[in-house]
There are 2 protein chains.
Amino acid sequence: MTSEPPETETPKPEGLRARKRQETLQRIAETGLRLFGERGYEATTLDAIAEAAGISRRTFFSYFRSKEEILLEWQMRGFSAQLRRAVLAQPADRAPIAVVRDAMLQLAAGIRAQEFISIDRVMRASETLQARKQATYALQERALHEALVERWPDPARSQALRLVAMVSLGAMRLAIEAWIQAGGDRGAAPFLEDAFAQIAAEVCGVGGPSPAA
Amino acid sequence: MTSEPPETETPKPEGLRARKRQETLQRIAETGLRLFGERGYEATTLDAIAEAAGISRRTFFSYFRSKEEILLEWQMRGFSAQLRRAVLAQPADRAPIAVVRDAMLQLAAGIRAQEFISIDRVMRASETLQARKQATYALQERALHEALVERWPDPARSQALRLVAMVSLGAMRLAIEAWIQAGGDRGAAPFLEDAFAQIAAEVCGVGGPSPAA
DNA sequence: TGAAAAGCTGCACTCGGTGCAGTAAAAAAT
DNA sequence: ATTTTTTACTGCACCGAGTGCAGCTTTTCA
């Protein structure tokens, strides 16, 4: 034997190492989220998280680069990529902003309101987290812009597509806020549609002297 | 007599105390800005700033709540208030977004490109500062929204005005970016006009309630 | 089985930020 | 001019986040 590794059991992923790492990562994230919810973000120290997750404080930093990243990771990882995929999957003959809107509507159907609102509550309670959240919106804006450029590669359009990305993410931000404020019971889709419709209503009268007030 | 204090000389402000405080505040800000420019933001410690400004490390925190605030203070203090004033001063019969655009154009004429670009360079070099900058945009969004509501007090319009604030600030963000990238020689106004025009072009073709996907 | 690679840990250290207590200086009261 | 009260400045001790390093254990690979 020994020329061929036995591999008696490898449940899902390759390598024992990778699997353990994945488990630990998940455990840290869950532990952190739970403690944040119980005691608040600032009041939860890294020592507490590390101890509760069964690792050393030092090891925490080999999984997350910072305390904030526990919260931000899920928001970044995943969403940008999902949105990109949804954008590229839309029919080709529509205006960019309509494509983004529909892509967002599609994604909105899949969010878990429970967890989403819980995380939002934690973030809302900390000023520094609010700042970081805004920063992730900026990153998502970049990512969305890249997806749009991939879709409409005309270089002359790139700048306009940045604006589309910005406006769309802005609409999403507001829709999310309104949705959460409403309790999150009804789906998020109507809020998203409203936001996009309102933007169209406000922006389009800009050139002329005065719109129909 | 003596019911009237002589006031042999009081240069500008009331109280000796207030004047010294103002001087110290200015000195700290200038010192910090200079050191950030020379060594970079992260590499400049509070000890260094305090020593160079002739105060103790502890005293720094009675002038600024954090190191970041040296950079952010100027960006917040001033701008939001200025924008509010300019918005309220616009003629009354125009669409909100046109009002904001013109208010921004008016403000754009008064910025000192030199200092602006210098600060921007410092902020661009630090990841955490980038995050904070995004956060100030969010605050400005709130402030602008409040100004708009003050102008068009109809409660039914408030939500729409939030979108106007968001879109306008977004346009400004992009305009600033393009302007700085272009070197800041020509005034910022054309970039602002372009950004608003492009938003109108992109958003207005979307059509209202026609998902039909 | 043994060597190399990757992971985990403790330790010491830096830096931003806060609470506290004591002292100096300015403002108000007498 | 003096006392008294208020406000500012300071040093000190302390906390928490984050990093570099060195040593140890575990997984991987030959």
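Just so it is clear: chains get the letters A, B, ... in the order the sequence lines come, proteins before strands, and each one is counted from 1.
- Remark: the A:Arg58 side chain and the D:dG20 base include a donor-acceptor N/O pair separated by less than 3.5 Å.
- Within the 4.0 angstrom heavy-atom criterion, no nucleotide atom of any strand lies near A:Thr24.
- Put simply, the side chain of B:Arg57 and the base of C:dG17 share a donor and an acceptor less than 3.5 Å apart.
- Rounded to an integer number of Å, the gap from CD of A:Glu68 to P of D:dG18 is 7 Å.
- Following rounding to the nearest Å, B:Glu51 (CD) and D:dC9 (C1') show an atom-to-atom distance of 17 Å.
- For B:Thr59, a side-chain nitrogen or oxygen approaches OP1 or OP2 of D:dT10 to under 4.0 Å.
- Between the P atom of C:dG17 and the CZ atom of B:Phe61 lies a distance of 5 Å, rounded to the nearest Å.
- Across all strands, A:Thr44 comes closer than 4.0 Å only to sugar-phosphate atoms, never to a base (heavy-atom distances).
- Under the side-chain hydrogen bond (donor to acceptor under 3.5 Å, both in side chains) criterion, A:Arg173 pairs with B:Glu141, not counting sequence neighbours.
- Nucleotides of DNA chain C nearest to B:Ser66 and B:Lys20 differ in position, and the one nearer the 5' end is that of B:Ser66.
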Carefully, step by step, assess B:Ser56 and B:Thr59 under the rule side-chain hydrogen bond (donor to acceptor under 3.5 Å, both in side chains). CA-CA 5 Å; B:Ser56 77; B:Thr59 297; 2.9 Å; yes
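- Salt-bridge annotation for A:Arg112 and A:Glu115: present, with a side-chain N of the basic residue lying under 4.0 Å from a carboxylate O of the acidic one.
- One interatomic measurement links the two molecules: CZ of A:Arg21 to P of C:dA6, which rounds to 12 Å at whole-angstrom precision.
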Start with the C-alpha distance between B:Glu146 and B:Arg151, add both sets of side-chain angles, then the distance that settles salt bridge (charged side-chain N to carboxylate O under 4.0 Å, His left out), and finish with yes or no. CA-CA 9 Å; B:Glu146 279 163 22; B:Arg151 190 81 147 75; over 6 Å; no
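- Rounded to an integer number of Å, the gap from A:Arg19 CZ to D:dT28 C1' is 14 Å.
- Under the salt bridge (charged side-chain N to carboxylate O under 4.0 Å, His left out) criterion, the residue pairs touching residues 30-47 of chain A are A:Arg34-A:Glu38, with sequence neighbours excluded.
- Rounded to an integer number of Å, the gap from A:Lys67 NZ to C:dG16 P is 18 Å.
- Taking only side-chain nitrogens and oxygens, B:Ser62 never comes nearer than 4.0 Å to OP1 or OP2 of D:dA8.
- Checking the phosphate oxygens (OP1, OP2) of C:dG7, no side-chain nitrogen or oxygen of A:Tyr63 falls inside 4.0 Å.
- Contact of B:Arg17 with D:dT7 (side chain to base): a donor-acceptor pair of N or O atoms is detected under 3.5 Å.
- One interatomic measurement links the two molecules: CZ of A:Arg132 to C1' of D:dA17, which rounds to 13 Å at whole-angstrom precision.
- Taking for each of A:Gly54 and B:Glu42 the nucleotide of DNA chain C with the nearest heavy atom, the 5'-most of the two is the partner of A:Gly54.
- One atom, CG of B:Leu71, and another, P of C:dG16, lie 13 Å apart when rounded to the nearest Å.
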